[in-house]
Amino acid sequence: MRIAVLVKEIPDATVRKRLDPRSGRLERSGERTLNPHDAHAIEAAVRLRETPSAAVEEIVAVTMGPASASRALHRAVSLGADRSVHLCDDAFAGSDLIATAQALAAALERIEPDLVLAGQQSDDGECYALGAAVGEYLHWPALTQVVALELRDGRVRCARQAEYGYDTVELELPALVGVGDALNEPRYPSLKAIMGARNRPLETLTAADLGIALDQVGAAGSRARWVGVKQPARRPQATMIEDRDAEETVARIIAWLDERRVI
Ligand SMILES: Cc1cc2nc3c(=O)[nH]c(=O)nc-3n(C[C@H](O)[C@H](O)[C@H](O)COP(=O)(O)OP(=O)(O)OC[C@H]3O[C@@H](n4cnc5c(N)ncnc54)[C@H](O)[C@@H]3O)c2cc1C
């Protein structure tokens, strides 16, 4: 059994996010890091490998991104992946979600995993949709927001979080599963794993390697366009009630709500 995990490099959470007014794209200079939601997908793959009945032989981390994204792959390997694949080509720059999904699906066809795991969202784009789009391109069953999973008899049995509780869904392999953060608590990599990650195999693939026509990816292959950017409207200033004495604070909150006929 081979598991591929989709991972993304994103701007560090401490970096103020900014859109480039000329291209309308997210300005991606500055510190970058592995998307934290993807650590849950790697942890899920590692836990399946630790389950002997799952017979996981290999975990492959896969990303599409600029040259710097190899650091996110090193991080993924230090967290437990055996090797990584980097879709890196100027032709990919400016790809929207659908073009990104198409390129990743082409790479996955080449890697031939039995199971693909993705995070629930990226902390920069936050589309929550890439996994479903990749599944569609592969013509595989795909499920998102999975908070428990188990491999058995060529199937993956998942608990999926919904507004009303949990759905239990079984998918026939090969399949794609987007994991929710509640699935697990990712472990920290050891110093040895961090040091060793750079020496693990890393394959770099271009659009030509994947047989993707240049008008299918990048800005040329993307139908999504940024048409404008503006600041959100300023909200009226909040009323701050300092909590010095609980009874007095409660009374002031009730009076404030009463004044506005909320209660
Ligand atoms: C017009 C336009 C131009 C863009 N230009 C660029 C650009 O130049 N450079 C750029 O980096 N992005 C660019 N993007 C953003 C990029 O297309 C999105 O990151 C991608 O479509 C996925 O959406 P998301 O990050 O919101 O993923 P979500 O759907 O929120 O992510 C879910 C999961 O999918 C996986 N995933 C997401 N992205 C990747 C990836 N790239 N590789 C592997 N796994 C992934 C992760 O497991 C993640 O947890 C552009 C988007 C648009 C609309």
Side-chain angles (χ1 to χ4, degrees), residues 3-11 17-30 32-45 59-73 75-76 79 81 84-108 111 113 115-138 142-146 176-181 183 186 202-205 207 210 216-229:
I3 301 178
V5 185
L6 298 179
V7 299
K8 186 181 185 190
E9 181 201 50
I10 57 155
K17 294 187 185 65
R18 209 174 69 79
L19 288 172
D20 177 344
R22 274 179 307 139
S23 66
R25 295 183 202 160
L26 190 67
E27 216 266 280
R28 286 168 205 273
S29 59
R32 285 170 257 189
T33 184
L34 172 69
N35 176 31
H37 304 281
D38 301 346
H40 294 272
I42 300 166
E43 179 66 26
I59 300 171
V60 187
V62 184
T63 198
M64 177 173 137
S68 62
S70 60
R71 279 178 301 186
L73 289 173
R75 181 75 182 173
L79 287 167
S84 47
V85 174
H86 187 179
L87 282 67
C88 187
D89 190 329
D90 286 345
F92 293 137
S95 295
D96 65 7
L97 187 136
I98 297 299
T100 305
Q102 189 185 359
L104 287 168
L108 291 166
I111 296 165
L115 176 66
V116 178
L117 297 176
Q120 66 176 27
Q121 78 201 76
S122 75
D123 252 0
D124 56 351
E126 284 188 306
C127 289
Y128 288 80
L130 185 103
V134 172
E136 189 65 24
Y137 271 110
L138 292 169
L143 201 63
T144 54
Q145 289 298 337
V146 167
L176 185 144
V177 171
V179 307
D181 288 353
L183 175 66
L202 191 162
E203 186 184 9
T204 304
L205 297 174
L210 295 169
Q216 297 289 298
V217 285
S222 298
R223 292 167 71 182
R225 296 267 180 277
W226 296 103
V227 289
V229 181

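Counting starts at 1 for both ligands and their atoms, in listed order.
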Enquirer: Would you mind telling me which of Val5, Leu108, Ile59, Leu138 makes a side-chain contact (heavy atoms from CB on, under 4.5 Å) with Pro113?
Expert: Leu108
Enquirer: May I ask you to check whether Glu9 and Ser68 show a side-chain donor-acceptor distance below 3.5 Å?
Expert: yes
Enquirer: Under a 3.5 Å distance rule, please check whether Asp96 uses its side chain to pair with a backbone N or O of Arg225 as donor and acceptor.
Expert: no
Enquirer: Does Asp124 have any salt bridge (charged side-chain N to carboxylate O under 4.0 Å, His left out) partners at least two apart in sequence or in another chain, and if so, which?
Expert: Lys8, Arg28
Enquirer: When you look for protein heavy atoms under 4.0 Å from ligand 1, which residues do they belong to?
Expert: Leu6, Val7, Lys8, Arg25, Arg28, Asn35, Asp38, Val62, Thr63, Met64, Ala93, Gly94, Ser95, Asp96, Leu97, Thr100, Leu104, Ala118, Gly119, Gln121, Ser122, Gly125, Glu126, Cys127, Tyr128, Ala129, Leu130, Ala224, Trp226
Enquirer: Please check if the side chain of His86 supplies one atom and the backbone of Gly65 the other of a donor-acceptor pair under 3.5 Å.
Expert: yes
Enquirer: For the side-chain contact (heavy atoms from CB on, under 4.5 Å) test, which of Val116, Leu205, Val85 pairs with Ile111?
Expert: Val85
